[in-house]
2 protein chains.
Amino acid sequence: MSQRSRQIPEATVARLPVYLRSLAELVDEKTSTVSSERLAEMAGVNAAKVRKDLSYLGSYGTRGVGYDVEYLLFQMSRELGLTHDWPVAIVGAGNLGSALANYGGFTQRGFPVVAMFDSDRQKVDNLIHGVRVFHTDDLASTASKLGVGIGVIATPASAAQDAADKLVAGGVGSILNFAPTVISVPEGVSLRKVDLALELQILSFYQEHRESSE
Amino acid sequence: MSQRSRQIPEATVARLPVYLRSLAELVDEKTSTVSSERLAEMAGVNAAKVRKDLSYLGSYGTRGVGYDVEYLLFQMSRELGLTHDWPVAIVGAGNLGSALANYGGFTQRGFPVVAMFDSDRQKVDNLIHGVRVFHTDDLASTASKLGVGIGVIATPASAAQDAADKLVAGGVGSILNFAPTVISVPEGVSLRKVDLALELQILSFYQEHRESSE
DNA sequence: GTGATCTTGTGAATACAAGCACTAGCGTCG
DNA sequence: CGACGCTAGTGCTTGTATTCACAAGATCAC
Ligand SMILES: NC(=O)c1ccc[n+]([C@@H]2O[C@H](COP(=O)([O-])OP(=O)(O)OC[C@H]3O[C@@H](n4cnc5c(N)ncnc54)[C@H](O)[C@@H]3O)[C@@H](O)[C@H]2O)c1
Ligand SMILES: NC(=O)c1ccc[n+]([C@@H]2O[C@H](COP(=O)([O-])OP(=O)(O)OC[C@H]3O[C@@H](n4cnc5c(N)ncnc54)[C@H](O)[C@@H]3O)[C@@H](O)[C@H]2O)c1
């Protein structure tokens, strides 16, 4: 019984960070307890969902009172694996890659960018916001040596699968893909994507359908 | 019966752009027909799902043969509302906003950036990649005048709700939010978000849980 | 203490999505 | 021209997520 195998649903996992941010705001404004209703309002979901989501973490609330903000924040950070840093590597030192490296929000939230990689030798050994650019030939070995946990792909679409393969070879277990293409990774590696064109097209769909029914 | 009210499920809508991209690749390589299986492989989903998704658009396939690539591409573009451009406005002319404006991928896919807005008077009247920056005081009127359909929020989190309100006031029906905060919009306005920190935290969760069970 | 009032935690109901497995229709080959 | 192979379309099953609604526990006032 060493393993608490209470399996947390995917949809819940995706909401935990939103609650986390809300809790951080509450700490800032020195609120010590919060009800599921208040939290729901802040996170933009309904209260029953908040309670069910939080119940997967354990029974950290108090009936009649609510949740202790700091305690819940701590438990949630622990569950999300945010009690320690996750070194991040960015593949592709172009516009997007540089913008991401320059963005302080990463390091600040426990995701320090420890290396960048590019296939363009002109860019190798450059420093971008203090982060050194390595050649992609050395990706696997360097990522492995630096203990990179999360890889960010910011290459053109055509190079994305290759970048993913190299990251996996370097022992990276999680990949965030910004290139507008589907990439595949072996089982046991997490993959998420951020695709602007896709988001805009989804918006376009709903807008089109709304307008045509007016 | 002027309205074909075949309601397309949200999950399907979110996949259509992925199919669309696959179809565009097939056109490039001069493939004229494609089976659900091939398309499924390209889009990274299973074949039954492809068939069901496409069936919401109509019966555009031919049994025993597959789908005509160009015809399906056209029908899907039409359904997604991509047969005409959607003017986009970006609020927040900082690092992210400028990067987005500089990125050609938008205009190229039918989402021309027609205006940017910022509250910083230093930035007003600047041209960023040929796009003029307006003051946020004029947001609603300018957006309305330019017929902006989609608004992109790239301001600090604290200004995001205000930006959304102004966009809505300007008649913008769809909003893509990059600020790491929950914003609310009136019914009838579509809202999607892109949140990097959130994505990283989700990856962190799975990585943490994988490692602890090894 | 007892009753009134909160608010959590959760079983049960409902809604939504995924996937299987079969049927129907097209094309081709013998 | 009939049989066979291929592939779209879809009813049905299964799984997952959301939401409701209420019992159980906590606090407070008196
Ligand atoms: N810039 C944006 O605002 C933006 C927005 C949305 C999506 N994207 C996507 O992000 C990706 C990067 O965009 P960008 O604007 O930074 O492009 P970019 O051309 O500025 O940068 C791409 C970088 O990747 C490098 N590269 C090429 N092949 C490589 C390989 N095999 N291995 C490693 N590095 C390689 C290039 O040398 C270059 O430095 C693209 O897929 C783009 O579609 C960008
Ligand atoms: N830069 C990145 O790589 C990155 C990555 C992820 C998320 N983000 C998020 O995107 C947002 C913008 O990031 P950034 O790096 O561009 O920040 P930034 O500070 O460079 O730019 C913010 C811009 O918004 C403007 N602004 C401030 N208040 C405003 C208001 N009320 N109305 C209109 N404009 C206003 C500022 O003048 C500034 O030009 C932030 O919320 C950030 O968290 C950025």
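All figures in this text were calculated on a predicted structure; none of them were measured in a lab. Only this structure's heavy atoms are used, side chains among them; waters, hydrogens and symmetry mates stay out. Below, chain A is the first sequence line, B the second, and so on; all start at residue 1.
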Ignoring the backbone of Val65(B), work out which of dG27(C), dT27(D), dG9(C) is nearest its side chain.
dG27(C)
So what does Val34(B) hit on the nucleic acid, given a heavy-atom distance under 4.0 Å: a base, only sugar-phosphate, or nothing?
sugar-phosphate
Value in whole Å for how far the P atom of dA17(D) lies from CZ of Arg15(A)
9 Å
Taking the side chain of Ser35(B) as its heavy atoms from C-beta onward, which of dG9(C), dA17(C), dT7(D) lies nearest to it?
dT7(D)
Contact class for Gly61(B) vs. all strands (heavy atom < 4.0 Å): base, sugar-phosphate, or nothing?
sugar-phosphate
Separation of atom CZ in Arg51(A) from atom P in dG25(D), rounded to whole Å
16 Å
Sub-6.0 Å ring centroid separation between Tyr60(A) and Tyr71(A):
yes
For dT7(C) and Ser36(A) - does any side-chain N or O of the residue sit under 4.0 Å from the phosphate oxygens OP1/OP2?
no
Expressed in angstrom and rounded to an integer, what is the separation of Tyr60(A) atom OH from dT10(C) atom P?
13 Å
Which sits closer to the 5' end of DNA chain D, Thr62(A) or Glu37(B), going by the nucleotide each is nearest to?
Glu37(B)
Rounded to whole Å, please give me the gap between CG in Asn46(A) and P in dA21(D).
12 Å
For dG9(C), does either OP1 or OP2 sit under 4.0 Å from a side-chain N or O belonging to Ser55(A)?
no
dC26(C), OP1 or OP2 - any side-chain N/O from Tyr67(B) closer than 4.0 Å?
no
Over how many whole Å does the gap from Arg38(B) atom CZ to dA8(D) atom C1' extend?
18 Å
Does a distance-only test, which skips hydrogens and angles, find a donor-acceptor pair under 3.5 Å between the side chain of Lys52(A) and the base of dT19(D)?
yes
Pairing donors with acceptors under 3.5 angstrom, does anything connect the side chains of Thr33(B) and Asp68(B)?
no
Among dA8(D), dA26(D), dG19(C), which is the nearest nucleotide to the side chain of Arg63(A)?
dA26(D)
Does a side chain donor of either Asn95(B) or Tyr103(A) reach within less than 3.5 Å of an acceptor in the other side chain?
no
Let me know the distance between CG of Leu39(B) and P of dG9(D), rounded to the nearest Å.
12 Å
Which part of the nucleic acid, if any, lies within contact of Ala11(B), taking any heavy atom under 4.0 Å across all strands shown: a base, the sugar-phosphate backbone alone, or nothing?
sugar-phosphate
Whole-Å distance separating the CG atom of Asp53(B) from the C1' atom of dA8(D)
14 Å
To the nearest Å, give me how far apart NZ (Lys49(A)) and C1' (dC20(D)) are.
13 Å
For the residue pair Arg192(B) / Ser174(B), report whether a side-chain donor-acceptor contact shorter than 3.5 Å exists.
no
Does the gap between the ring centers of Phe111(B) and Phe106(B) come in under 6.0 Å?
no
